[in-house]
Participant: 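Take a look at this one; I'll ask things after.
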Amino acid sequence: LQVTPSIDWNRLGTKVGRNAEAWTLDGVSLNEVTFYTGVGDGETLFKEVNKRAAPLPRFSAKMLAPEIVQLFESSYRVAAQTSLFSVDQVEPATFLGQQGFRFRYSFTVQDEEVRRTGEATAAVIGGRLYMIAFEAPTLHYFDRDDDAYRALVASATLVAPPKGTATQR
């Protein structure tokens with residue numbers, strides 16, 4: 001996955017998951033965009049923290065948009081240890097030149113009082129999940145940076161086609 005940012009983002013040094021990387025403008029607690037690139041069948045969105053007591057749900061190439069949204073929500077509930085998560089809107093969207101979907105969500109991490117809003121755009125291509133998610137505090141930062149996130153999504157392209165898909169010449 002390749003993007004052309006319209007503004008300077010800072011890449012975070014630690015990976016969120018095997019196929020995920022995060023960027024921020026002002027710090028993770030203020031705004032964060034996460035790229036999920038080529039999540040394969042049976043893989044998780046995030047790194048497992050406690051696989052035995054709190055296993056993360058796994059992606060399936062057969063999942064439909066509502067199931068992927070549920071996968072995302074369930075993953076957040078486990079990884080962020082929050083029960084305060086809601087999906088506020090789901091709609092069709094074109095992503096990486098394919099039919100995909102966009103959804104908006106909101107949540108509050110336990111032991112924090114800051115309500116956060118997020119938006120994610122995703123598509124399953126060649127049996128793999130590609131998604132870009134943005135989140136920030138609902139007050140001020142989400143509205144301020146949502147256009148920069150949408151510019152990233154609009155600029156996204158696949159550098160190499162996923163395995164199992166045909167390429168046009």
Side-chain angles (χ1 to χ4, degrees), residues 1-6 9-25 28-29 31-49 51 54-82 85-107 109 116-136 142 145-146 148-165:
L1 185 69
Q2 181 176 324
V3 295
T4 305
S6 59
W9 291 81
N10 301 300
R11 184 178 180 189
L12 298 176
T14 58
K15 288 192 127 206
V16 200
R18 180 177 174 195
N19 297 308
E21 134 177 349
W23 294 1
T24 185
L25 289 170
V28 175
S29 62
N31 42 43
E32 180 178 357
V33 65
T34 305
F35 301 90
Y36 301 90
T37 55
V39 177
D41 205 39
E43 296 179 337
T44 61
L45 296 178
F46 306 115
K47 289 180 186 175
E48 289 277 7
V49 176
K51 192 173 183 175
L56 288 168
R58 296 182 178 278
F59 170 73
S60 167
K62 296 178 182 177
M63 287 180 163
L64 301 175
E67 296 167 308
I68 294 170
V69 172
Q70 184 178 17
L71 166 77
F72 187 86
E73 177 181 353
S74 298
S75 295
Y76 258 72
R77 288 180 180 272
V78 172
Q81 298 178 343
T82 184
F85 190 104
S86 66
V87 175
D88 306 317
Q89 179 182 9
V90 181
E91 62 188 9
T94 300
F95 182 54
L96 298 170
Q98 303 291 317
Q99 183 59 40
F101 58 95
R102 176 177 33 251
F103 62 99
R104 191 165 280 210
Y105 57 96
S106 54
F107 67 99
V109 176
R116 299 175 69 80
T117 299
E119 184 173 296
T121 307
V124 176
I125 302 169
R128 293 186 169 274
L129 175 63
Y130 294 85
M131 178 167 49
I132 302 175
F134 167 68
E135 59 195 46
F142 184 82
D145 301 326
D146 191 41
Y149 155 74
R150 287 185 176 224
L152 280 175
V153 170
S155 76
T157 58
L158 281 179
V159 178
K163 293 178 184 174
T165 60

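Reckoned from all heavy atoms, side chains included, excluding hydrogens, waters and symmetry mates. In this chain, residues are counted from 1 in sequence order.
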Participant: Side chains of Met131 and Phe103: does their closest heavy-atom pair fall under 4.5 Å?
Facilitator: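 They are in side-chain contact.
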Participant: Are side-chain heavy atoms of Glu119 and Tyr149 found at a separation under 4.5 Å?
Facilitator: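 Answer yes - side chains close enough.
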Participant: Could you tell me whether the side chain of Phe134 reaches within less than 4.5 Å of the side chain of Thr34, counting heavy atoms only?
Facilitator: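 Side-chain contact under 4.5 Å: no.
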Participant: Under 4.0 Å between a Lys/Arg side-chain N and an Asp/Glu carboxylate O for Arg104 and Asp146?
Facilitator: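 The answer is yes: the pair qualifies as a salt bridge.
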Participant: Rounded to the nearest 0.5 Å, how far does CZ of Arg116 lie from OH of Tyr105?
Facilitator: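 Reported value, rounded in 0.5 Å steps: 8.5 Å.
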Participant: Can you find a heavy atom in the side chain of Leu96 that is under 4.5 Å from one in the side chain of Ile125?
Facilitator: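 Yes; the side chains approach each other to less than 4.5 Å.
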Participant: Once rounded to the nearest 0.5 Å, what's the spacing between atom OG1 of Thr82 and atom CZ of Arg77?
Facilitator: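 Rounded to the nearest 0.5 Å, the OG1-CZ separation comes out at 7.0 Å.
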Participant: Is there a side-chain contact between Thr121 and Val153, using heavy atoms and a 4.5 Å cut-off?
Facilitator: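 Contact flag for Thr121/Val153 side chains = yes.
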Participant: State whether the side chain of Ser106 and the backbone N or O of Thr117 hold a donor-acceptor pair below 3.5 Å, judged by distance alone.
Facilitator: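 Side chain of Ser106 to backbone of Thr117, a donor-acceptor pair under 3.5 Å: no, none is there.
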Participant: When rounded to the nearest 0.5 angstrom, what distance separates CG in Asn31 from CG in Leu25?
Facilitator: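 So the CG of Asn31 and the CG of Leu25 are separated by 4.5 Å.
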Participant: Should Leu129 and Leu45 count as side-chain neighbours, where that means a heavy-atom distance under 4.5 Å?
Facilitator: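 SC-SC contact between Leu129 and Leu45 confirmed.
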Participant: Assess the residue pair Tyr76 and Phe46 against the criterion (ring-ring contact (aromatic ring centres under 6.0 Å, His included)); give the C-alpha distance rounded to whole Å, side-chain angles, the decisive distance to 0.1 Å, and a yes or no.
Facilitator: CA-CA 9 Å; Tyr76 258 72; Phe46 306 115; 5.4 Å; yes
Participant: With heavy-atom distances below 4.5 Å as the criterion, would you say the side chains of Leu12 and Thr24 are in contact?
Facilitator: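 SC-SC contact between Leu12 and Thr24 confirmed.
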Participant: Distance from Phe142 atom CZ to Glu135 atom CD, nearest 0.5 Å?
Facilitator: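 These two atoms lie 9.5 Å from each other.
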Participant: Let me check something: any side-chain donor-acceptor pairs from residues 55-72 under 3.5 Å, sequence neighbours excluded? List them with distances.
Facilitator:
from: Arg58; atom 1: NH1; to: Gly42; atom 2: O; distance (Å): 2.8
from: Arg58; atom 1: NH2; to: Glu48; atom 2: OE2; distance (Å): 3.3
from: Ser60; atom 1: OG; to: Lys62; atom 2: N; distance (Å): 3.2
from: Glu67; atom 1: OE1; to: Leu64; atom 2: N; distance (Å): 2.6

Participant: How about Pro5 and Leu152: do any of their side-chain heavy atoms sit closer than 4.5 Å?
Facilitator: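 Yes, at least one pair of side-chain atoms sits under 4.5 Å.
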Participant: Any chance you could measure Arg128, atom CZ, to Thr37, atom OG1, to the nearest 0.5 Å?
Facilitator: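 So the gap between those two atoms works out to 9.5 Å.
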Participant: Which residue in the set Tyr130, Trp9, Trp23 passes ring pair (Phe, Tyr, Trp, His ring centres under 6.0 Å) when paired with Phe35?
Facilitator: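 For Phe35, the ring pair (Phe, Tyr, Trp, His ring centres under 6.0 Å) test succeeds with only one of Tyr130, Trp9, Trp23, which is Trp23.
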Participant: Tell me if a side-chain donor or acceptor on Glu43 pairs with a main-chain N or O of Gly40 at a distance below 3.5 Å.
Facilitator: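 Checking the backbone N and O of Gly40 against the side chain of Glu43, a donor-acceptor pair under 3.5 Å is found.
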Participant: Starting from the C-alpha separation in whole Å, work towards a yes-or-no answer on side-chain contact (heavy atoms from CB on, under 4.5 Å) for Glu21 and Arg11.
Facilitator: CA-CA 8 Å; Glu21 134 177 349; Arg11 184 178 180 189; 2.9 Å; yes
Participant: To the nearest 0.5 Å, what is the distance between CG (Asp145) and CD (Glu32)?
Facilitator: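 Here the interatomic distance stands at 12.5 Å.
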